Amino acid sequence: MYKYVGIFMVAFAVLIFVFLGSVDGFSTSHQVCTYDATKMCKPALATAAFSTISFLLGAVTSVVSGFLGMKIATYANARTTLEARKGVGKAFIVAFRSGAVMGFLLAANGLVVLYITINLFKLYYGDDWGGLFEAITGYGLGGSSMALFGRVGGGIYTKAADVGADLVGKVERNIPEDDPRNPAVIADNVGDNVGDIAGMGSDLFGSYAESSCAALVVASISSFGINHEFTAMLYPLIISAVGILVCLITTLFATDFFEIKAVKEIEPALKKQLVISTVLMTVGIAVVSWVALPASFTIFNFGTQKQLFLCVAVGLWAGLIIGFVTEYYTSNAYSPVQDVADSCRTGAATNVIFGLALGYKSVIIPIFAIAISIFVSFSFAAMYGIAVAALGMLSTIATGLAIDAYGPISDNAGGIAEMAGMSHRIRERTDALDAAGNTTAAIGKGFAIGSAALVSLALFGAFVSRASITTVDVLTPKVFIGLIVGAMLPYWFSAMTMKSVGSAALKMVEEVRRQFNTIPGLMEGTAKPDYATCVKISTDASIKEMIPPGALVMLTPLIVGIFFGVETLSGVLAGSLVSGVQIAISASNTGGAWDNAKKYIEAGASDHARSLGPKGSDPHKAAVIGDTIGDPLKDTSGPSLNILIKLMAVESLVFAPFFATHGGLLFKI
């Protein structure tokens, strides 16, 4: 897997260098600054070289953080299972702390590498801050392009195994989930790590790198950059640094200040994490804004601005609202999921209809939250405001990731308990941890999607200013065709990823059936299944199938920019942003709701749930079918879409100078 990604990395790095170097015909002479005609700036060739370096750095950081996340998770799984012998509280602490380790590692990694890179590039660039921060944009591109492959590849890997294991194991053979007799069970557990941990990690890392880059690019052409105020310039990084400190304090609330003793305390404890970190962060931002920022500052083309604190705070609270709305629609404690579970009485079809309706409905409030935060932050500080609002939403990334990585860890702990044949008490405890984890994973996805919307809007703003377009007019045909095609791209992308999961799952189901039918003594538990073949099916499928969707995302901005020019490209970016966010939110929430409706019936915690039957009843089978349909939605298409939105925007930003000078070939004829 990493081999193929490595080949891609090198090839794309060469592409960046050639395209950006050719802007000025590869000349090494100094050029006049874009924003200040009196000074001379470093040549375009330098920007090309440094963009390439920062692209590689971003890519490597992204891959490393995903890899380390998987390492942490694999250690944590077994430890959680062992701790579950002592009770739910102990197991929760281990699972949560392991998630926290990963969260802090990612946040700190991104920040450290970015800070060091800026300081090293400064040695060469000196006073040319515009060029310096344009070169830094490559960092975001690197981080996100790796996240795309991690997300899509990981999503295909985990869902092929999951769907295969569920359909044959639970529906056809009536054996429990994670039963060691099921040949696909190892692939399924490995897949949880690949998709949910490595994929999610590099995805949020990408968001984080990009929103920092967008904010820095816009800042470098405002008074911070022109007057060389380094502290104010690094305001985006300072926000993130405060975020890490705040999250450190917040994690103590879950593990040290309050003991968790009963199952029902798990979910409130995780939700409190979000609230506490948001409240503390608001205070933190207020202090930092007061210390680091000058009293008033100007933003290129937009006049004098005063309030940045409000922009960050609006993003921060919008993130919290999106998190809670997502939770309301995907947790089985509330009526939406219970209605979906109830619709299973009449079979799978009604379950699917209710689930889809729930997903579409769950888009409404998050979109209003995003819209309000865009309006507020734009009116206070234009594009820079939007960029810092995105950073505000991501500032509590360490807590968000801790809550998110906690899910797959407790899921796999349950798998280990089942495979090791431990007592059913332990399995019940890990299931309780996992049910809470499912909801929190949905919250994490909500954050990722919300921040992606703000980030790509900020990147869009940076792209427009860097490609020197003054206005984007929807009524010109050039822009409108871009808009309508851009809105189609998320559908095309989702079609590819869904189909990949489907065809890989098909192979998996056939293989699992073949083993059950041909290996004597497999059902009785006397013979061992051939796990390796199933793992190989998943691995091969994920490597082969992640190339077309990846190519779609990476090539679209290049093709549009070269042949149709920057105006059409700005239309494409706007279109994909507008439609991608909607599909992403609805897909994630539909899948999460189906999954938890199934868990609601299985747990049988209320009279209503018990009336829907034990495992194996008809309503339960209908719920399993819904869950299986929802798997590719919530773990492959939904989460990958936010990368599509961001990646196209950041790629356009990196190549903007090239498109501005050489783009639009078709219109020049």
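These values consider heavy atoms only, across backbone and side chains, with no hydrogens, waters or symmetry-generated copies. Since this is a predicted model, take the numbers as computed values, not measurements.
In this structure, the side chain of N642 does not engage the main chain of A452 through any donor-acceptor pair within 3.5 Å. In this structure, the side chain of S277 engages the main chain of L274 through a donor-acceptor pair within 3.5 Å. Panel note: side chain D339, backbone P336; no donor-acceptor pair is recorded below 3.5 Å. The main-chain N or O of G143 is found under 3.5 Å from a side-chain atom of S62 such that the two form a donor-acceptor pair. Under a 3.5 Å cut-off, the side chain of S637 and the backbone N or O of L633 do not form any donor-acceptor pair. In terms of modelled atom types and a separation under 3.5 Å, the side chain of N332 and the main chain of V337 share no donor-acceptor contact. Between the side chain of Y329 and the main chain of V363, no donor-acceptor pair closer than 3.5 Å is present. With hydrogens and angles disregarded, a donor-acceptor distance shorter than 3.5 Å links the side chain of Q582 to the backbone of V578. Looking only at distances, a side-chain donor or acceptor of T350 sits under 3.5 Å from a matching main-chain atom of S343. With hydrogens and angles ignored, the 3.5 Å screen pairs a side-chain donor or acceptor of S576 with a backbone N or O of L573.
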Checklist line | Test log, rule side-chain contact (heavy atoms from CB on, under 4.5 Å), inputs L204 and L394 | finding: CA-CA 8 Å; L204 277 176; L394 287 167; 3.9 Å; yes
Note to self: Let's go through N189 and N77 carefully: what are the C-alpha distance in whole Å and the side-chain angles of both, what is the deciding distance for side-chain contact (heavy atoms from CB on, under 4.5 Å) to 0.1 Å, and is it a yes or a no?
What the structure shows: CA-CA 10 Å; N189 282 342; N77 299 340; over 6 Å; no
Note to self: With side-chain contact (heavy atoms from CB on, under 4.5 Å) as the criterion, how do S212 and L391 come out once you've worked through the C-alpha distance, each side chain's angles and the decisive distance to 0.1 Å?
What the structure shows: CA-CA 7 Å; S212 305; L391 267 175; 3.8 Å; yes
Notebook entry, point to check: Run the salt bridge (Lys or Arg N to Asp or Glu O under 4.0 Å) check on D618 and K621 step by step: do they pass?
Noted result: CA-CA 5 Å; D618 281 343; K621 281 193 170 160; 5.7 Å; no
Next item on the list: Go through S410 and T430 one step at a time and tell me if the side-chain contact (heavy atoms from CB on, under 4.5 Å) criterion holds.
Entry: CA-CA 6 Å; S410 41; T430 54; 5.9 Å; no
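In this structure, S395 and V312 have side chains that are not in contact, with every pair of non-hydrogen atoms separated by 4.5 Å or more. Contact annotation: the side chain of L457 never approaches that of I370 to less than 4.5 Å [non-hydrogen atoms, C-beta and beyond]. Residues V325 and Y328 fail the side-chain proximity criterion, which asks for heavy atoms closer than 4.5 Å. Side-chain contact between M648 and L489 is present, with at least one heavy-atom pair separated by less than 4.5 Å. Taking the side chain as every heavy atom from C-beta outward, I372 and V314 never approach each other to under 4.5 Å. I409 has its side chain within reach of I197: a pair of non-hydrogen atoms, C-beta onward, lies under 4.5 Å apart. You'll find the side chain of S617 stays beyond 4.5 Å of the side chain of L612, heavy atoms only. Looking only at side-chain heavy atoms (C-beta outward), S202 and R151 stay at 4.5 Å or farther from each other.
Nearest heavy atoms, N351 versus A623: ND2-CA, 3.7 Å. The shortest heavy-atom contact between T158 and D188 is O-OD1, 4.5 Å. Here the shortest heavy-atom pairing between A100 and T251 reads CB-CG2, 3.8 Å. Taking every heavy atom of both residues into account, I645 and G580 meet most closely at CD1-C, 3.9 Å. For A369 against I322, the heavy-atom pair with the smallest separation is CB-CG1, 4.3 Å. Across A318 and M393, no two heavy atoms sit closer than the pair CB-CE, 4.0 Å.
L358 CG to I353 CD1: the interatomic distance, rounded to the nearest 0.5 Å, is 13.5 Å. Between the SG atom of C344 and the CD1 atom of I601 there is a distance of 4.5 Å, given to the nearest 0.5 Å. Distance CG/D434 to OG1/T80: 11.5 Å, rounded to 0.5 Å. Atom CD1 in I244 sits 12.5 Å away from atom CD1 in I239 (nearest 0.5 Å). Note that CG of D404 is 7.0 Å distant from NZ of K445, once rounded to the nearest 0.5 Å. One finds the OH atom of Y334 at 4.0 Å from the CD atom of E327 (value rounded to the nearest 0.5 Å).
Within a 6.0 Å radius of CZ in F493, other residues, nucleotides and ligands contribute more than 12 heavy atoms.
Evaluation of the ring pair (Phe, Tyr, Trp, His ring centres under 6.0 Å) test over residues 577-621, restricted to residues two or more places apart or in two chains, returns Y600-H608.
With L141 as the fixed residue, the side-chain contact (heavy atoms from CB on, under 4.5 Å) test singles out one of K646, E210, E651: E651.
Aromatic ring orientation, F92 versus F96: parallel (interplanar angle below 30°, classes split at 30° and 60°).
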